[in-house]
Protein chains: 2
Amino acid sequence: MKASVVKIEPNGHVCSDCAVRDLAVCSSLDPTELREFEHLGRRVHFSSGETVFSEEDITTSFYNLVEGVMRLYKLLPDGRRQIVGFALPGDFLGMNISGRHNFSADAIGGVTVCQFAKAPFGRFIEDRPHLLRRINELAVRELSHARNHMVLLGRRSADEKVAAFLLGWRERLVSLKGASDTVPLPMSRQDIADYLGLTIETVSRTFTKLERHGVIEIIHGGISLLDPAKVEALAAA
Amino acid sequence: MKASVVKIEPNGHVCSDCAVRDLAVCSSLDPTELREFEHLGRRVHFSSGETVFSEEDITTSFYNLVEGVMRLYKLLPDGRRQIVGFALPGDFLGMNISGRHNFSADAIGGVTVCQFAKAPFGRFIEDRPHLLRRINELAVRELSHARNHMVLLGRRSADEKVAAFLLGWRERLVSLKGASDTVPLPMSRQDIADYLGLTIETVSRTFTKLERHGVIEIIHGGISLLDPAKVEALAAA
DNA sequence: TGCGAAAATTGATCTGGGTCAATCGCCTTT
DNA sequence: AAAGGCGATTGACCCAGATCAATTTTCGCA
């Protein structure tokens, strides 16, 4: 949204002590490769609300999210928005066949990415099938998520959508922050609505309804699952 | 749906004159590889309505659709169904990370697939990165489709959904049957409804409404686009 | 060629979630 | 500490699309 004034970190970064070393595509690289890989990427910081790349932009870079949360979304000509996913540390962004990004991505809160110019990255992959396999693995995982989300969007009620979202988001945070019934929600209600194919009002009402029923507690910056089993039942598997 | 009585074709098939030679994953193989590849797959026929594989089944095979159309879908415990896509000749099915299919697939009309046992296929890929790259390409293409479909499911009206579906289906048929304003629809109205996140009644009503407005003509086994530009306008890009 | 069943269409009515419109409750910023 | 502003909540009302209920059309099969 805002004008993009990115902050590039001084060259001092080393992959070997990167926070997402074992989650990201890099997990497929051995120490020698990793040192070479280090020179391909540069760390870039984006502040809250900044757009990292836009749908229809020609793809010049791939990104490895290192820290923070991003919303990935598509817009219809009249402004309707569908968020197709939230990216978390370890996620790899930018793969496409058309040569253009097919969604936009912006920062929710401060974000650090590891940015790779397309050509050198492509060359690096060339003779490293294990990296390609890792990328494919992430794509297939993403595809599975996308299909689950289609079911949610096409066939679930508002209550089910919200319940499933809370559980799914909590689940995704497990590998990053460990399991917890306290679920931070860094994204806005509008973001949640656009992710679930609902309006902000319906999301808000559903939250308060769940709270009235003692199923969740709305806390500052997130929610707390008071009765996870009940939420699971509401999500209709 | 029906009990599965598959028909395996006698061994006489050769990849080099396969109908999907240039569309499928096989397009990445050179003639020598293709001859070796030939021994990995066997052609299997499924009749209308038969299930090729089911969600949650352990993946023992990958499939290359050679002829016919398949519906790919997920079911909720209470029977609600979301069709996540229709497969056409050239499509590659079975990639997943969990070791289980994450959707079900059944034949719409008669279908011929080229079936590969998982292990030998995996071994064949192992030292052929160009095949892996081709598979990744198909996965990324699929991912793009999935994201577009999320927008449709989450943010488009019934009219827009139907119009977009007709255009999208027509577009997919171009590479198989050439461009045409006559669009065959081998799937049922229920299938279309479950693909678009609508009910069968809404799909039917929308078709008749479009026909009344002179935008399409409902013909036997499909529709004809009388005013493609108008349909595009309705689809809201 | 006709019969039974399944698919598709059409009509009448209902409702979940959208729309419109106030507040409310914070965070800033001064 | 007051004011301004933005995100979130809440309420009143509405409507697109679901549901329920007949037909009508198509199709497989004898």
Side-chain angles (χ1 to χ4, degrees), chain A residues 1-2 47-49 71 76 78-83 108-109 152-166 184-213 216-223 234 236, chain B residues 1-2 47-49 71 76 78-83 108-110 152-165 184-213 216-223 234 236:
Chain A
M1 302 284 179
K2 297 179 192 170
S47 340
S48 192
R71 61 174 157 258
L76 289 176
D78 64 2
R80 281 174 288 176
R81 184 177 72 157
Q82 176 66 46
I83 291 184
I108 296 178
L152 178 146
L153 290 170
R155 288 299 181 220
R156 292 176 121 109
S157 70
D159 288 0
E160 291 169 344
K161 284 177 175 182
V162 170
F165 165 68
L166 293 177
L185 297 175
M187 69 292 285
S188 70
R189 294 289 190 268
Q190 186 64 63
D191 287 340
I192 298 175
D194 286 348
Y195 182 57
L196 300 179
L198 297 171
T199 59
I200 186 175
E201 293 94 332
T202 299
V203 170
S204 187
R205 274 188 256 270
T206 306
F207 273 3
T208 27
K209 184 165 72 175
L210 290 178
E211 189 173 48
R212 265 204 316 275
H213 291 32
I216 66 168
E217 192 191 349
I218 300 170
I219 57 177
H220 181 77
I223 61 96
L234 279 171
Chain B
M1 301 282 182
K2 296 177 190 170
S47 343
S48 191
R71 62 175 157 258
L76 289 175
D78 63 2
R80 279 173 290 176
R81 184 177 71 158
Q82 176 65 47
I83 290 184
I108 296 177
L152 179 144
L153 290 170
R155 288 299 181 222
R156 292 174 118 109
S157 71
D159 288 2
E160 291 169 344
K161 284 177 175 182
V162 170
F165 166 68
L185 297 175
M187 69 291 286
S188 70
R189 295 288 190 269
Q190 185 64 63
D191 287 340
I192 298 174
D194 287 347
Y195 182 57
L196 301 178
L198 298 171
T199 59
I200 186 174
E201 293 94 332
T202 300
V203 171
S204 187
R205 274 188 256 270
T206 307
F207 274 2
T208 29
K209 183 167 74 176
L210 291 177
E211 188 172 48
R212 264 202 319 274
H213 291 29
I216 67 168
E217 191 191 350
I218 300 170
I219 58 178
H220 181 80
I223 62 97
L234 279 170

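Everything quoted here is computed from the prediction, not taken from an experiment. Here is the naming used below: chain letters follow the sequence lines, and residue numbers restart at 1 for every chain.
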**Student:** How close or far is atom P of dA8(D) from atom CD1 of Ile219(A), stated in whole angstroms?
**Tutor:**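 From Ile219(A) CD1 to dA8(D) P: 15 Å.
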**Student:** In Å, rounded to the nearest 0.5 Å, how long is the span from CZ of Arg189(A) to CD1 of Ile200(A)?
**Tutor:**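 So the gap between those two atoms works out to 8.5 Å.
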**Student:** Nucleotide range of DNA chain C contacted by chain B, 5' to 3', under 4.0 Å to a heavy atom?
**Tutor:**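 Contact boundaries, 5' end first: dA8(C) to dA12(C).
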**Student:** Tell me: CD1 of Ile218(B) to P of dT25(D), nearest whole Å?
**Tutor:**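 Spelled out: CD1 on Ile218(B) to P on dT25(D) is 13 Å.
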**Student:** Touch check for Ser188(A), heavy atoms < 4.0 angstrom, all strands: base, sugar-phosphate only, or nothing?
**Tutor:**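 Sugar-phosphate only.
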**Student:** For the side chain of Arg81(A) and the backbone of Tyr195(A), is there at least one donor-acceptor N/O pair under 3.5 Å apart?
**Tutor:**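 The answer is no, because no donor-acceptor pair under 3.5 Å joins these two groups.
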**Student:** Using modelled atom types only, decide if a donor and an acceptor are shared between the side chain of Gln82(A) and the backbone of Asp194(A) within a distance under 3.5 Å.
**Tutor:**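 Confirmed, Gln82(A) side chain pairs with Asp194(A) backbone.
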**Student:** Could you state the interatomic distance from CD1 (Ile218(A)) to CZ (Arg212(A)), rounded to the nearest 0.5 Å?
**Tutor:**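 These two atoms lie 10.0 Å from each other.
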**Student:** Keeping Glu160(B) on the side-chain end and Leu234(B) on the backbone end, is there a donor-acceptor pair under 3.5 Å?
**Tutor:**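 Looks like no, no N/O pair under 3.5 Å.
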**Student:** Between Asp159(A) and Lys209(A) (salt bridge meaning N to carboxylate O under 4.0 Å), is one present in this structure?
**Tutor:**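 The answer is yes: the pair qualifies as a salt bridge.
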**Student:** Check the interface with nucleotides 10-14 of chain D: list each N/O to N/O pair with the protein under 3.5 Å, or write none.
**Tutor:**
residue	atom	partner	partner atom	Å
dT10(D)	OP2	Thr208(A)	OG1	3.1
dG11(D)	N7	Arg205(A)	NH1	2.8
dG11(D)	O6	Arg205(A)	NH2	3.4

**Student:** Separation of Arg156(A) atom CZ from dA18(D) atom P, in whole Å?
**Tutor:**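 Taking CZ of Arg156(A) and P of dA18(D), I get 17 Å after rounding.
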**Student:** How large an angle, rounded to 10°, do the end axes of the helix from dT1(C)-dA30(D) to dT30(C)-dA1(D) enclose when each is built from five base pairs?
**Tutor:**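 Inter-axis angle at the ends, rounded: 50°.
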**Student:** Using atom types as modelled and distance alone, determine if a side-chain donor or acceptor of Arg155(B) lies under 3.5 Å from a backbone N or O of Arg80(A).
**Tutor:**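 Not confirmed, Arg155(B) side chain does not pair with Arg80(A) backbone.
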**Student:** With distance as the sole test, does Arg156(A) use its side chain to make a donor-acceptor pair with the main-chain N or O of Leu196(A) at under 3.5 Å?
**Tutor:**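 Looks like no, no N/O pair under 3.5 Å.
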**Student:** Would you mind classifying the nucleic acid contact of Gly197(A) as base, sugar-phosphate or nothing, using non-hydrogen atoms under 4.0 angstrom?
**Tutor:**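 The answer is sugar-phosphate, as Gly197(A) gets under 4.0 Å only of primed atoms, P, OP1 or OP2.
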